[in-house]
Amino acid sequence: MFRTMMKSKIHRATVTEADLNYVGSITIDSDLLKAVDILPNEKVLVVNNNNGERFETYAIAGEAGSGQICANGAAARLVQPGDLVIIMAFAMLSEDELKDFTPKVAFMNPDNTIAELVHSENPQTKFV
């Protein structure tokens, strides 16, 4: 049996751009992608904390160190610059793989730098 597990999370990133005319996807600072183990073209789920919108797309690597979080194409209608988003990627893991599995979670500062990188989440944790 395989279970679908959250493997990567960028928590409370600030949207820097929304580009309706781009073909599609979400552009994310490549340093952030590396920190949480999301690859370019990997499927991600994006949750907008400001308006409750959720959408699936794929990641595109942005300029390293830029802090860029840009929703592209139709997804640009679901966010605005300044909105806070959670970006997650998932993996299907076997029961054996679960024994050693830990997700990578980046809690973000307002400037889209990583405040803290953890490998588990306390369900009662509040990070502002």
Margin query: Filter on side chain to side chain donor-acceptor pair (under 3.5 Å), then keep only pairs touching residues 73-83, sequence neighbours left out; what's left?
Written below: N48-D83
Notebook entry, point to check: Restricting to pairs with a member in residues 43-66, which pass salt bridge (Lys or Arg N to Asp or Glu O under 4.0 Å), not counting sequence neighbours?
Noted result: K43-E56
Checklist line | V85 side chain near N49 side chain, heavy-atom distance below 4.5 Å | finding: no
Taking every non-hydrogen atom, the tightest pair across [X] and [Y]:
{"X": "N112", "Y": "G67", "answer": "ND2-O, 2.7 Å"}
{"X": "T57", "Y": "S25", "answer": "OG1-CA, 2.9 Å"}
{"X": "D31", "Y": "A64", "answer": "OD1-CB, 3.5 Å"}
{"X": "L39", "Y": "A59", "answer": "O-CB, 3.9 Å"}
{"X": "K104", "Y": "A35", "answer": "CD-O, 3.6 Å"}

Gap separating the [atom1] atom of [X] from the [atom2] atom of [Y], nearest 0.5 angstrom:
{"X": "I28", "Y": "S66", "atom1": "CD1", "atom2": "OG", "result": "10.5 Å"}
{"X": "I38", "Y": "S8", "atom1": "CD1", "atom2": "OG", "result": "4.5 Å"}
{"X": "M6", "Y": "L45", "atom1": "CE", "atom2": "CG", "result": "11.0 Å"}
{"X": "N51", "Y": "L84", "atom1": "CG", "atom2": "CG", "result": "11.0 Å"}
{"X": "F90", "Y": "K9", "atom1": "CZ", "atom2": "NZ", "result": "9.0 Å"}

Note to self: Checking one residue: L98. Which other hydrophobic residues are in its cluster under the side-chain 4.5 Å linking rule?
What the structure shows: M5, L93, F101
Notebook entry, point to check: Linking Ile, Leu, Val, Met, Phe, Trp and Tyr through side-chain heavy atoms less than 4.5 Å apart, which residues share a cluster with F2?
Noted result: M92
Note to self: A61: which residues meet the side-chain contact (heavy atoms from CB on, under 4.5 Å) condition with it, sequence neighbours left out?
What the structure shows: S30, L33, P40
Checklist line | Counterpart residues, side-chain contact (heavy atoms from CB on, under 4.5 Å), relative to D100 (two or more places apart) | finding: none
Path from [X] to [Y] over hydrophobic side-chain contacts below 4.5 Å:
{"X": "I114", "Y": "V36", "result": "yes"}
{"X": "I60", "Y": "I86", "result": "no"}
{"X": "M88", "Y": "Y58", "result": "no"}

Next item on the list: Could you list the residues that satisfy salt bridge (Lys or Arg N to Asp or Glu O under 4.0 Å) with E97, not counting sequence neighbours?
Entry: none
Notebook entry, point to check: Partners of D96 by salt bridge (Lys or Arg N to Asp or Glu O under 4.0 Å), sequence neighbours excluded?
Noted result: K99
Check: Residues two or more places apart in sequence or in another chain: which of them pass side chain to side chain donor-acceptor pair (under 3.5 Å) with K7?
Finding: E42
Next item on the list: List in chain and number order the residues that pass side chain to side chain donor-acceptor pair (under 3.5 Å) with T27, two or more places apart in sequence or in another chain; answer none if no residue qualifies.
Entry: N72
Return all side-chain donor-acceptor pairs below 3.5 angstrom for residues 16-24, not counting sequence neighbours, or 'none' if the list is empty.
from	atom 1	to	atom 2	distance (Å)
T16	OG1	I69	N	3.0
T16	OG1	I69	O	3.0
E17	OE2	Q68	NE2	2.9
D19	OD1	N21	N	3.1
D19	OD1	Y22	N	3.4

